[in-house]
2 protein chains.
Amino acid sequence: MGKRKTTPLKDYAPDGHHCSLELKTSKLGMVSFFRDLKQEDLDEIVKRFSATHYREGAEIYYQGDPANYLRVVVDGAVKLLRYTDEGKDVVLDILEPGSYFGSLKLLGSDVYTESAVAQSGCCILSVGLKDFREILQEYPSVGIAILEVSAEKLRSSQEQIKQLTTEPVETRIANILLTLTEKFGENKKEGTLIQLPFSRKDLADMAGTTTESASRVMSNFQKEGIIETGRQWVALKDIKKLRTIIED
Amino acid sequence: MGKRKTTPLKDYAPDGHHCSLELKTSKLGMVSFFRDLKQEDLDEIVKRFSATHYREGAEIYYQGDPANYLRVVVDGAVKLLRYTDEGKDVVLDILEPGSYFGSLKLLGSDVYTESAVAQSGCCILSVGLKDFREILQEYPSVGIAILEVSAEKLRSSQEQIKQLTTEPVETRIANILLTLTEKFGENKKEGTLIQLPFSRKDLADMAGTTTESASRVMSNFQKEGIIETGRQWVALKDIKKLRTIIED
DNA sequence: GCACTAAAATGATATAGATCAAGTTAGTGC
DNA sequence: GCACTAACTTGATCTATATCATTTTAGTGC
């Protein structure tokens, strides 16, 4: 167990030099509802988006704000959450590059029902809803594709409901680790590093439990050699064993 | 406390005479994504749908079945649920007339991830996805409207996640009763009858708890005069008090 | 009205996980 | 290398709710 001295996570430079036009275009092309467009159409569409950089922890929008933009993650990770009156946070999703978020309320106006926070330094593309409506008009295939993505989001949300009501904390956490690995995993000498700063509290808010319980589960996982973990980082060492826990 | 001798719920005749063409058209017009269409367009669209009747408890589709239809509730109520491996059922939603369900997977093929059961006798319109794709092509406004409905569904699903992780069973049940009243409430001399057969088990599966716990909560609500209840039915007598419980 | 049955209520007990309360340490910055 | 602090861990207790085991009853059909 070679003890590390510094976090294995890479630092995101928030200066924006990452986010070239090519990167923007290529990430936009990754969003599944733009995936089928020709390169020239994509080039046209990307012009309507504007890019913004956020530092780790920055609020992109807050629940209750007027919802006038559709956004796409180009680089980094975005956390969607609800702050409750009782002071408990509920993390709804952590988005990887290529995911969209924000508003789809194309008719009338609306207000965000969740908050969006930069989980790492990140680059976000955004488009006003009026512009997006025009895009939909011009490229009808986008409308159909976006429907599918929305349906998929609903599904994963329902899966979460199922897990909350039927699975114990340990299984839920195992599932989260697996999902995060798929989204943000980077292969290193030993195991897969989840390239994303996230704390026990984040994990707890994702699993619908407390920091302490999340911590206990993670300690056990480490004892069993399933993961290696430090402050704000986790690396998966034994995915097979993790899968066993999920399948019970 | 005048004891009732028969269920106050009305019986749905499963013979289909309810479901006239006018009723179909008017219900289809209630689906928010068809709401803005002209009457003549609606008349055209309704022709592409076919109507089926289901008796209470009948399976409309089962999770894992190939998902080739989009459906609309015309009359009655539909329960969407997931059966888990461990034998626990998770109710995802109970749909009132005017709601859509089924598949939106317009490209490629897919499989249902939940099951749909007729909660009461009901009349369902369905359209094949190929036909629906044509409708979308012909009436682009439908596409935009459906996006909004999907976003709304995602939202209510996220609200459910929030409640499961932050609210105690009593509050969750209070919320469910309120929602069901809004969807299926019928004003009677004393209070609002939820016009829908649903058992303690249904309620428990909606709230993510057990039949026994649901039963206890309902007993208390009745003792406090908030509801009046029998087998498979509930009437709200004191909405204000119920709201108090929700707001804590 | 009476018998029958599935649904609901109730009681006793067990338990996962929350809560409360101190510790420990990883990783940073000097 | 050392001190510092937020992140994490660990332990002891408490509690909401599950579980198990019965009993009661609403509503039906005769």
Side-chain angles (χ1 to χ4, degrees), chain A residues 1-11 56-57 84 86-90 163-174 196-205 207-224 227-235 245 248, chain B residues 1-11 56-57 84 86-90 163-174 196-205 207-224 227-235 245 248:
Chain A
M1 272 192 227
K3 302 256 169 158
R4 295 170 198 268
K5 278 274 150 197
T6 54
T7 175
L9 296 177
K10 63 163 160 268
D11 235 9
E56 189 178 322
T84 72
E86 311 90 53
K88 285 183 186 172
D89 302 348
V90 180
Q163 290 201 17
L164 282 169
T165 55
T166 61
E167 311 286 0
V169 168
E170 187 183 57
T171 313
R172 266 141 56 199
I173 288 184
L196 181 79
F198 75 103
S199 63
R200 295 294 180 266
K201 176 169 190 324
D202 288 322
L203 189 58
D205 291 344
T209 182
T210 56
T211 322
E212 293 93 331
S213 292
S215 183
R216 280 183 241 271
V217 171
M218 293 295 272
S219 295
N220 289 340
F221 284 174
Q222 187 154 35
K223 265 176 218 145
E224 293 173 40
I227 58 170
E228 192 176 339
T229 179
R231 295 186 176 204
Q232 314 249 48
W233 64 269
V234 183
I245 286 169
D248 195 33
Chain B
M1 271 193 228
K3 304 255 168 158
R4 294 171 198 267
K5 278 274 148 196
T6 55
T7 177
L9 297 177
K10 62 163 162 269
D11 236 8
E56 189 177 323
T84 72
E86 310 90 53
K88 285 183 186 175
D89 301 348
V90 180
Q163 291 200 17
L164 282 169
T165 54
T166 62
E167 311 286 359
V169 169
E170 186 183 56
T171 313
R172 267 141 56 198
I173 287 184
L196 181 78
F198 75 102
S199 64
R200 294 294 180 265
K201 174 167 191 325
D202 287 323
L203 190 58
D205 291 344
T209 182
T210 57
T211 323
E212 293 93 330
S213 292
S215 183
R216 281 182 240 271
V217 170
M218 292 296 271
S219 294
N220 289 340
F221 284 175
Q222 186 154 38
K223 267 176 214 143
E224 293 173 38
I227 58 170
E228 192 174 337
T229 179
R231 291 183 180 209
Q232 314 250 46
W233 63 269
V234 183
I245 287 169
D248 196 33

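All chains are named by letter (A, B, ...) in the order of the sequence lines, taking the proteins before the strands, and each is independently numbered beginning at 1. Quick caveat: nothing in here was measured; it's all calculated off a predicted structure.
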Is A/Trp233 close enough to C/dG27 that one of its side-chain N or O atoms is under 4.0 Å from OP1 or OP2 there?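 For C/dG27, OP1/OP2 do have a side-chain N/O of A/Trp233 under 4.0 Å.
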Qualifying residues under side-chain hydrogen bond (donor to acceptor under 3.5 Å, both in side chains), relative to [X], sequence neighbours excluded:
X        : answer
B/Thr165 : none
A/Lys88  : none
B/Thr211 : none
B/Ser215 : none

[X] [atom1] - [N] [atom2] separation (whole Å):
X        : N      : atom1 : atom2 : result
B/Asp202 : C/dA8  : CG    : C1'   : 13 Å
A/Asn220 : D/dC8  : CG    : C1'   : 14 Å
B/Ile173 : D/dA18 : CD1   : C1'   : 14 Å
B/Gln232 : D/dG27 : CD    : P     : 10 Å
A/Lys201 : C/dT19 : NZ    : C1'   : 16 Å
A/Ile227 : D/dC8  : CD1   : P     : 11 Å
A/Glu228 : C/dA26 : CD    : C1'   : 13 Å

Go ahead and name the base partner of D/dT10; Watson-Crick or wobble counts if both distances stay under 3.5 Å, otherwise write none. C/dA21
Under a 3.5 Å cut-off for both distances, is C/dT10 Watson-Crick or wobble paired, and to whom?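 Its partner is D/dA21.
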Sequence neighbours excluded, which residues qualify as salt bridge (charged side-chain N to carboxylate O under 4.0 Å, His left out) partners of B/Glu167?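 B/Glu167 satisfies salt bridge (charged side-chain N to carboxylate O under 4.0 Å, His left out) with B/Lys162 only.
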Is there side-chain contact between A/Thr171 and A/Gln163, with at least one heavy-atom pair below 4.5 Å?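 The answer is no; the side chains never approach within 4.5 Å.
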Any non-hydrogen side-chain atom of A/Arg172 less than 4.5 Å from a side-chain atom of A/Val169? yes
Contact list (N/O, under 3.5 angstrom) for nucleotides 1-6 of chain C vs protein:
{"from": "C/dA6", "atom 1": "N3", "to": "B/Arg231", "atom 2": "NH1", "distance (Å)": "2.8"}

Going by the rule side-chain contact (heavy atoms from CB on, under 4.5 Å), which residues pair with B/Ala174 if we only count those two or more places apart in sequence or in a different chain? B/Phe221, B/Leu242, B/Ile245, B/Ile246
Suppose the criterion is salt bridge (Lys or Arg N to Asp or Glu O under 4.0 Å): which pairs have a residue in residues 209-224 of chain A, not counting sequence neighbours?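 Checked against salt bridge (Lys or Arg N to Asp or Glu O under 4.0 Å) - neighbours excluded - no pair reaches residues 209-224 of chain A.
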For every nucleotide of nucleotides 9-18 of chain C, 5' to 3': is a protein heavy atom under 4.0 Å from its base (B), only from its sugar-phosphate (S), or from neither (-)? BBBB----SS
